[in-house]
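Working notes, structure below.
Computed from heavy atoms alone, side chains included, the values below leave out hydrogens, waters and symmetry copies.
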Amino acid sequence: MPPLIRFMLTRLAIGFALGALTGIVVWAINLSQLYPPNLERWIAQSLFVYLFASTMGIGYLATSLFLDVE
């Protein structure tokens, strides 16, 4: 695999993992009491976590491309 593709995929995966962890923590601390435990809660929680994960993944990739590529 070319080095740039490997660089981009690893940075995107790292940012996605950090964002997913952040989304889970924010949901557990602040928003878990707002929704009763049913299907709608799981859908809302998964969309919320995906929002954090995708945003931080792209942000981490863009920042690392800006700072690390020579």
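- The CG atom of Leu9 lies 11.0 Å from the CZ atom of Phe7; values are rounded to the nearest 0.5 Å.
- Of the possible donor and acceptor atoms, none in the side chain of Thr63 sits under 3.5 Å from a partner among the backbone N and O of Tyr60.
- Between the CG atom in Leu51 and the OG1 atom in Thr55 there is a gap of 4.5 Å [rounded to 0.5 Å].
- Side-chain contact between Phe16 and Tyr50 is present, with at least one heavy-atom pair separated by less than 4.5 Å.
- The minimum heavy-atom distance linking Met1 with Arg6 is given by the pair O-NH2, 2.9 Å.
- Side-chain atoms of Ser64 come within 3.5 Å of backbone N or O of Leu61 as a donor-acceptor pair.
- Applying side chain to side chain contact (heavy atoms under 4.5 Å, CB included) to Phe52 and the options Leu21, Leu18, Thr22 leaves one that passes, Thr22.
- The distance from the CZ atom of Phe48 to the CD1 atom of Ile24 is 11.0 Å, given to the nearest 0.5 Å.
- Across all non-hydrogen atoms, the minimal contact from Ala53 to Ala20 is CB-N, 3.6 Å.
- The distance from atom CG of Leu65 to atom CE of Met8, rounded to the nearest 0.5 Å, is 5.5 Å.
- The closest side-chain heavy-atom distance from Leu12 to Ile58 is below 4.5 Å.
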